Protein chains: 2
Amino acid sequence: MDWSNLPSLAALRAFEAAARHQNLSAAARELNVTHAAIAQHVRSLEAELSTPLLFRSGRGVALTEEGRHLAQHLSEGFEVIAEGVSALQRSKEGRPLSITVTPSFAANWLMPRIGGFWQKHPEISLSINPSVSLIDLRRDGFDMAIRFGNGQWPGVSSELLTSGEFWVVGSPKLLNTNSKIGLSDAGVYPWLIDLHMLEWRQVVEDAGLDLNTVEMTSLETNELVLSATVAGLGVSVHPRSLVEREVAFGTLVQITSLPRTDLGYHLVTLPRPLDAKERAFRKWLMVEAKT
Amino acid sequence: MDWSNLPSLAALRAFEAAARHQNLSAAARELNVTHAAIAQHVRSLEAELSTPLLFRSGRGVALTEEGRHLAQHLSEGFEVIAEGVSALQRSKEGRPLSITVTPSFAANWLMPRIGGFWQKHPEISLSINPSVSLIDLRRDGFDMAIRFGNGQWPGVSSELLTSGEFWVVGSPKLLNTNSKIGLSDAGVYPWLIDLHMLEWRQVVEDAGLDLNTVEMTSLETNELVLSATVAGLGVSVHPRSLVEREVAFGTLVQITSLPRTDLGYHLVTLPRPLDAKERAFRKWLMVEAKT
DNA sequence: CCATAATGTAATCCAGACTTACATATTGAA
DNA sequence: TTCAATATGTAAGTCTGGATTACATTATGG
């Protein structure tokens, strides 16, 4: 496409509206400008094309032969463009809000609570995609993501959902108790670790336990780690939000808590204004995360 | 058409170009702007539509699903618009240059000279429309007009072609001489006048002849007046340019000349830049008028 | 691993779009 | 015919959105 000898789009749009209404003032109202703006655009178009397009006709204007042909094309073209934009907006309306979350957060935090969101916003359908990989929101077409980390990711905005602590947990059967036993005592048990969640290592060592002295078993996912821990195969470390329900139910015992305010689950979005659905989900998430 | 929730056309065009090239810098070159301008437009579009449209992909960018659909529509729409504009320009190319002139000017000034224009510009076809009425250049689709008057017409530009004098003329047979006889002596002959050209009355009276004392015969057109004068039926007044050839040939005798610099034939155009054909015709006219 | 060629983005600048203000023109009704 | 209402025409000045500039970052290919 060669734009070099095309008049300004604003002028073409002004002329299209004027031609459609056969009335400069009506066109001006449609485009939310004054009649003078329309008149100037039309004049500049006529000068650029060296052709009269409109002439005054009583109250209003009429089209010359050339003007009628041009207006025809312009209306059609702008119509196609407007249709394209509104199709995009409509398709966005109908599509479910699409979220990607880590599997463990989905299973242990989001799923137990999501019923409340559905009750509160039955009109918003939600598509939840559990995935560990650091996906690209743009490329993969997700509206939002929930990821664990320090919130410093390039090219996206992130907002802290839950933070504060890692809890070291084990099953009451394994530990033979229902109360805290302290980090150093936990060193005697086998440690179950998730290959994909490595942030906790530094936290544990900062808290004074040398991980080289403990027996560790790697599992593929945090889900496996959690169920193995519940089954009494060892102890493990998790963000508080993932295990506080298990601890409350007594299926797990909190051995100790390791405070770290710089890490946590974040709601990650592209740096753009959120639409209505996204705002609703974000608000619900924030309220849930605070209670 | 409701433009109120349509993004800016400049942004849409920038995105369309970026999508077509899958490359912001190439789009920028096409639109003669910098890559930053394109990037900003795309960002603002994504913000306005709450949808990612492009994502970075190596050297260049790739389209998201939504982006592809939108770009499709935009390309089509802009294509239709560009086609409309270029069709107008092409149709203008092929059409003859269309001029309207007064019949007497056509017959007595333009036609004797027009062969020279055709020789000089064989590529420019010319449509000459003889008409007395004060036509509307816009409404009636003429490119240029030649009209007699003082050049003060509203809404158009006019440029003086010939001016200076009215000549009072008669046939040598009627006057029984081949040389000037003076205005007062002309009062004894019948005067032939054109119903449509009334400017000369004031000129003649200013020169000292009381028209109430002369016998006058009205004819329908200046053509009739001229041929009646040549036939010796009376004397008449014409702009010099219309009769100087007849006088040179001896078919008419110049009785006297009445200088008036404020009246003359003017080239009348709409107030806009002339295109190539128009400039060529205007230039030729001006040269002819000066010789 | 460097040279090259992209994109990303904040700060600043500027031209073109828009408004204002006033003049003129047309219509319909008193 | 005149007046009120509603148009268009256009010059002058204002202002904002689009553009440039400048610098940083990122990806590719040799």
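Since the structure is predicted, the reported quantities are computational estimates derived from the model, not experimental observations. Below, chains carry the letters A, B, ... as their sequence lines are ordered, and counting in each starts from 1.
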- Query: Among all residues two or more places apart in sequence or in another chain, which pass the salt bridge (Lys or Arg N to Asp or Glu O under 4.0 Å) test with Glu159(A)?
  - Reply: Arg282(A)
- Message: Per the salt bridge (Lys or Arg N to Asp or Glu O under 4.0 Å) rule, what does the pair list look like for residues 72-85 of chain B, sequence neighbours excluded?
- Response: Glu83(B)-Arg90(B)
- Task: Report the residues that fulfil side-chain contact (heavy atoms from CB on, under 4.5 Å) with Ala62(B), sequence neighbours left out, ordered by chain and then residue number.
- Result: Phe55(B), Ser57(B)
- Find the distance Phe55(B):CZ to dT26(D):C1' and express it as a whole number of Å. 16 Å
- To the nearest Å, how far apart are Glu48(B) CD and dG17(D) P? 12 Å
- Task: Sorted by first residue and then second, give each salt bridge (Lys or Arg N to Asp or Glu O under 4.0 Å) pair with at least one member in residues 14-34 of chain A; sequence neighbours left out.
- Result: Glu16(A)-Arg20(A), Arg20(A)-Glu30(A)
- Message: Applying ring pair (Phe, Tyr, Trp, His ring centres under 6.0 Å) as the test, list every pair that has at least one member in residues 56-84 of chain A; sequence neighbours left out.
- Response: Phe78(A)-Trp3(B)
- Whole angstrom is fine here: how far is it from CG in Leu45(A) over to P in dG9(D)? 14 Å
Would you list the protein and nucleotides 1-7 of chain D atom pairs, both N or O, that sit under 3.5 Å from each other?
unit_1 : atom_1 : unit_2   : atom_2 : d
dA5(D) : N3     : Arg59(A) : NH2    : 3.2

Hey, what are the protein-to-nucleotides 16-19 of chain C N/O distances that come in under 3.5 Å?
unit_1  : atom_1 : unit_2   : atom_2 : d
dA17(C) : OP1    : Ser8(A)  : OG     : 3.3
dC18(C) : OP2    : His41(A) : NE2    : 2.8
dC18(C) : N4     : Gln40(A) : OE1    : 3.4
dT19(C) : OP2    : Thr34(A) : N      : 2.6
dT19(C) : OP2    : Thr34(A) : OG1    : 3.0
dT19(C) : O4     : Gln40(A) : NE2    : 2.8

- Query: Can you check the Leu54(B) CG to dA6(C) C1' distance for me, whole Å?
  - Reply: 14 Å
- Results of ring-ring contact (aromatic ring centres under 6.0 Å, His included) for His266(A) - residues two or more places apart only: Trp153(A)
- Query: Can you name the residues that form a side chain to side chain donor-acceptor pair (under 3.5 Å) with Arg13(B), not counting sequence neighbours?
  - Reply: none
- Presence of salt bridge, Arg95(A) and Glu66(B), under 4.0 angstrom: yes
- Can you run down the salt bridge (Lys or Arg N to Asp or Glu O under 4.0 Å) pairs that involve residues 33-44 of chain A, sequence neighbours left out, and say none if there aren't any? none
- Message: Nearest whole Å is fine: how far is dT7(C) P from Gln22(B) CD?
- Response: 11 Å
- Strictly by modelled atom types, are Arg272(A) and Thr51(B) linked by a side-chain donor-acceptor pair under 3.5 Å? no
- Task: Identify, with sequence neighbours excluded, every residue that meets ring-ring contact (aromatic ring centres under 6.0 Å, His included) alongside Phe15(B).
- Result: none
- Note on the structure: To the nearest 10 degrees, the angle between the two end axes of the helix from dC1(C)-dG30(D) to dA30(C)-dT1(D) (five pairs per end) comes to 40°
- Query: At under 4.0 Å, does any side-chain N or O of Arg43(B) touch on OP1 or OP2 of dG8(C)?
  - Reply: no
